[in-house]
Amino acid sequence: MTISLNIGRLFNDDSHEALIDELKKRNSQESILEFEQKFNNQNEKNLHIHICRFLKNRQISRALAAKWLITMLDNKESLINSLSD
């Protein structure tokens, strides 16, 4: 399945559902981080903003949101720590 990652300002229902499907199918840390980077490079708003909105609107589970947010935050923390060493 190919999804349009250009969600930017126009976030229609199809893009919305495609993004949720993409979040659900990614399981490994590598695939999550790869998708995050690709998404953030192609969209106006970063992925974590969309995940938080989905969570707030109860469109995804807390477990799914936590998996993605923890993975992304751990990666950012690791990058910061590597720069300070």
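The basis for the numbers below is simple: all heavy atoms, side chains too, and nothing from hydrogens, waters or symmetry mates. One-based numbering along the sequence shown.
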What's the separation between atom SG in Cys52 and atom CG in Asn57, rounded to the nearest 0.5 Å? 11.0 Å
Tell me whether Asn41 contacts the main-chain N or O of Gln37 through its side chain, where contact means a donor paired with an acceptor under 3.5 Å. yes
In Ile60, Ile20, Leu64, the residue satisfying side-chain contact (heavy atoms from CB on, under 4.5 Å) with Ile51 is Ile60
Residue pair Met72 / Leu33: nearest heavy atoms and the distance that separates them: CA-CD2, 4.2 Å
Interatomic distance, CG@Asn46 vs CG@Asn40, rounded to 0.5 Å, equals 4.0 Å
Applying side chain to side chain donor-acceptor pair (under 3.5 Å) to Ser84 and not counting sequence neighbours gives none
Do the non-hydrogen side-chain atoms of Trp68 and His48 ever get within less than 4.5 Å of each other? no
Listed partners of Ser28 passing side chain to side chain contact (heavy atoms under 4.5 Å, CB included), at least two apart: Glu30, Ser31
Which residue pairs satisfy the salt bridge (Lys or Arg N to Asp or Glu O under 4.0 Å) criterion with at least one member in residues 62-78, sequence neighbours excluded? Glu36-Lys76
Over all atoms of both residues, closest heavy-atom pair of Phe39 and Lys45: CE2-O, 3.5 Å
Set of residues satisfying side chain to side chain donor-acceptor pair (under 3.5 Å) with respect to Ser61, sequence neighbours excluded: none
Nearest 0.5 Å please: distance from the CZ atom of Arg53 over to the NE2 atom of His16. 10.5 Å
Residues forming a side chain to side chain contact (heavy atoms under 4.5 Å, CB included) with Glu34, sequence neighbours excluded: Arg26
Value rounded to 0.5 Å, distance of CG in Asn75 from CD1 in Ile32: 10.5 Å
